[in-house]
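Notes to accompany the following structure.
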Amino acid sequence: MPQNRKKLIELFIGNLSNVIVHQISLAATDKDEIASKYKKELETSLSISKKYREKINPKNYTLPEKDIGYIKTQVSNKTISELRKRISQGYKNIDLSLINELVDKALKDTNIV
């Protein structure tokens, strides 16, 4: 399955960055109806990213260091990009300083590190 591995990693990165964007957006909102939508999207993206993680490499085995570094960098970059786009669209209270902490937590939750 090596030919699909790169695509699976990219799909994993997209879903994991979506999880982090929604975590930060959830923390930034004070409206319950919007918060519930963020929470639902967060849970959906997290479950999908865990499925992709299992397809990339069995979850009991660690990924090679170069893959871990690549995934961490890409998740951070995609998250920053999406949040900056949302800030330019008028979203308020977005805290970009949470990104690194949440990326590390998400990578641990999905057994990457």
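Numbering of residues begins at 1 and proceeds along the displayed sequence. Just so it is clear, the model here is predicted, and its values are computed rather than measured.
Residue L46 belongs to a hydrophobic cluster whose other members are V19, L42, with links defined by side-chain heavy atoms closer than 4.5 Å.
Note: K51 NZ to T110 OG1 = 15.0 Å, rounded to the nearest 0.5 Å. Taking OG1 of T29 as the start and CD1 of I94 as the end, the distance is 9.0 Å to the nearest 0.5 Å. For the atom pair OG (S76) and CD1 (I71), the distance works out to 11.5 Å, reported to the nearest 0.5 Å. With values rounded to the nearest 0.5 angstrom, S25 atom OG is found 11.5 Å from D95 atom CG. With values rounded to the nearest 0.5 angstrom, I13 atom CD1 is found 10.5 Å from T79 atom OG1. Once rounded to the nearest 0.5 Å, the distance linking CG of L83 with CG of L96 reads 6.0 Å.
Looking at K39 and E43, their side chains come closer than 4.5 Å, going by heavy atoms from C-beta outward. Within the 4.5 Å cutoff, no side-chain heavy atoms of K78 are placed close to those of I20. When side chains are defined from C-beta on, I48 does not count as touching N18, because their heavy atoms never get closer than 4.5 Å. Proximity of D30 to K92: side-chain heavy atoms (C-beta onward) are nowhere separated by under 4.5 Å.
Checked against side-chain hydrogen bond (donor to acceptor under 3.5 Å, both in side chains), Y91 has no partners two or more places apart in sequence or in another chain. For D67, the side-chain hydrogen bond (donor to acceptor under 3.5 Å, both in side chains) partners two or more places apart in sequence, or in a different chain, are R5. The side-chain hydrogen bond (donor to acceptor under 3.5 Å, both in side chains) check on E10 picks up Y70, with sequence neighbours excluded.
The backbone N or O of G90 lies less than 3.5 Å from no partner atom in the side chain of R86, so there is not a single donor-acceptor pair. Checked by atom type and distance alone, the side chain of S81 never pairs as donor or acceptor with a backbone atom of N77 at under 3.5 Å. Judged by distance alone, the side chain of S17 and the main-chain N or O of G14 form a donor-acceptor pair under 3.5 Å. Between the side chain of N57 and the backbone N or O of T62 there is at least one donor-acceptor pair closer than 3.5 Å.
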Side chains of residues 102-109: which donor-acceptor pairs under 3.5 Å do they make with residues two or more places apart or in other chains?
| unit_1 | atom_1 | unit_2 | atom_2 | d |
| --- | --- | --- | --- | --- |
| D104 | OD1 | K72 | NZ | 2.9 |
| K105 | NZ | D109 | OD2 | 3.1 |

CA sep, side-chain torsions, deciding dist, call: L16, R53, side chain to side chain contact (heavy atoms under 4.5 Å, CB included): CA-CA 10 Å; L16 202 59; R53 166 59 178 105; over 6 Å; no
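Between E82 and K85, at least one side-chain N (NZ, or NE/NH1/NH2) sits under 4.0 Å from a carboxylate O, which counts as a salt bridge.
Screening residues 27-59 for ring-ring contact (aromatic ring centres under 6.0 Å, His included) gives H22-Y38 as the qualifying pairs, with residues at least two apart or on separate chains.
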